[in-house]
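These numbers were taken from a predicted model, which means no experiment stands behind them. Atoms considered below: every heavy atom in the structure, side chains included; atoms not considered: hydrogens, waters and symmetry mates. Whatever order the structure lists them in is the order used to number ligands and atoms, beginning at 1.
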Amino acid sequence: MERYLGQGAAPGIGIGPAVVWHPQLPDQNAESLPESPAIEQARLGAAVEATKRELVQLKSRTEHELGLEEAQIFSAHLLMLTDPALVGAAMELIEQGQSAVTAMANAVMKQAAILEQLPDEYMAERAVDVRDVGARVLSHLQGQVQQLPLFKAPSILVSKELTPSLTAQLPKDQLLGFVTEAGGRTSHVAIMARSLGIPAVVGLDGISDQIDSGQLVVVDGITGKVLVEPTDMELTKWKQRQIRMESRHRLSLALASEPAVTPDGYRMALMANIGHPSEAEAAIKFGAEGVGLFRTEFLYMDRKELPNEDEQTEAYQQVAAIMAPRPVIIRTLDIGGDKDLPYLGLKREDNPFLGWRALRYSLSRPGIFRTQLRAILRAAATNENIRIMLPLVVAVEEIREAKSLLIQAEKELDLDKIPHGKQVKLGIMVETPAAAIIADKLAQEVDFFSIGTNDLIQYTLAADRQNRQVEKVFDPLHPAILRLIDATLTAGSKAGIEVGLCGELAGEPRAAPLLLGLGLTKFSMATPSLLPVKEKVRSWPFQEAQALATEALSLSSGTEVRALLKRMSG
Ligand code: PEP
Ligand code: MG
């Protein structure tokens, strides 16, 4: 028996025979001497067009079989075919006397090598996509058809790397697991494996030369373990583990479709915090009733310039379409503090969390803000579930200023005759003590609140949320925090507006009865917390939670509140 340790990329245990697949690279030697650059360029042009047609088909097939998000991979591939660094570079090499095949192969190699060297894991993994698109164009140039691995029975597919186009074409019912040399958690094979529910281990260097087709393999997509030819004892152990895991998974997924309702009939809404459109589908799978916080910073990160309006519109539309009809709260840019964008040239600040951050930044850069507001409004044209949320508010003037920019953006869109959402709901994050204290005034200005405890705690207790030295001071159950949450909920309910909570505290099952008792009905959290919090909500009668909250509010320290929670939870 051999054991290997890679990176778990999609959960689950897969057991079965290996199909080891070595992708065939197009044979450059079979190429005849280049004709004139004009002829070679025309050949490349035709191959690129044929590839585009193929990708459009593959995109619609994937959308149908796997979903919108997976299909986006092929939109990205289509975009690559318009990138001057790829086809443009190949055209130039042809000018220098290379054949279409050699030029394209060289351009692909160069571009993939550049991407692979980038420190950012997500970008580095796009090298796989470049090679994938390149191989497609090359196979058109050479009239070859891409070979697919052969499955005689359900198997574990082992390969150097799995390209998105290959993964999309594989027979899903024959796949028990994936093991690849390349890739990390953000690689497409990982994303696809997760949405297909197929266990995957990635990043196992040299594995495709270590395993032979037909050998029995065990794949653990959580720990990253791969066992080849396990002993009978090991095999029995893993089979039992697989059965236990599958039944746990079935049970928790069953809970996902159950409502978050207390035993005495009070209904809560549990929503997801996401930072990327690719997280929306998993959120639904785990029962999210909406996106309570869509952090838009991802759109601005890992790049060299600001994202344009179209790009943003597409990302917002994508999430809204996946989640519809559930609400999606899009938070405007929350940059500064701990999140820098090198290309904006933000100055170093002595106290970045107290500095030029979030809404303050957006209001003083109306051009950037305007682009984002226009994009959200455009996405809302066909998606009524979209809402807008402003981060880090301390004063009514900030809201009014943002509102006037929003109205201006609407007017511009009208003038440009571009469809957009009308009367899109606008809310704010209550994440500063100032906002919580004047919540009654702020409530007159907006349609909803969402309490951001991560920042609320750091600003109230003067404890940097990232500084481990003051970790103990950063106490979510400090009575000051509970009182500010209580004040915000009360102000919201008096004004008749919705109040949610989207800080990490919402995802803490232990705190759920307390928040419930304080009157919170909308919890937004990271997807993995949805089921544990739901379990808690379903076990705590509201009446008891209320008594717990009343008592907690009268206590004088976080330690006392924790002791109370422990006592009441039995
Ligand atoms: C918060 O501050 O609680 C919050 C949800 O926003 P972020 O963590 O993005 O600052
Ligand atoms: Mg915050």
Q.
How close do I222 and P11 get, counting heavy atoms only, and between which atoms?
A. CG1-CB, 3.8 Å
Q. Does a side-chain N-to-carboxylate-O contact under 4.0 Å join R357 and E349?
A. no
Q. If you count only heavy atoms, which residues are under 4.0 Å from ligand 1?
A. L293, R295, R331, D334, K339, R357, M429, E431, G452, T453, N454, D455, R465, C502, G503
Q.
Could you check whether atom CD of E309 has more than 12 heavy atoms from other residues, nucleotides or ligands sitting under 6.0 Å from it?
A. yes
Q: Give a yes or no answer on whether the side chain of S450 reaches the backbone of M429 with a donor-acceptor pair at less than 3.5 Å.
A: no
Q: May I ask you to check if any N/O/S atom from D455 comes under 2.8 Å of the Mg ion (ligand 2)?
A: yes
Q) Relative to the ring of F353, is the ring of Y459 parallel (under 30°), tilted (30 to 60°) or perpendicular (over 60°)? A) perpendicular
Q: Answer yes when R267 and E289 have at least one side-chain N-carboxylate O distance shorter than 4.0 Å, and no when they do not.
A: yes
**Q.** Atom name, E431 (N, O or S, nearest to the Mg ion (ligand 2))
**A.** OE1
Q) Does the K522 side chain pair with the main chain of E498, one donor and one acceptor, at a distance under 3.5 Å? A) no
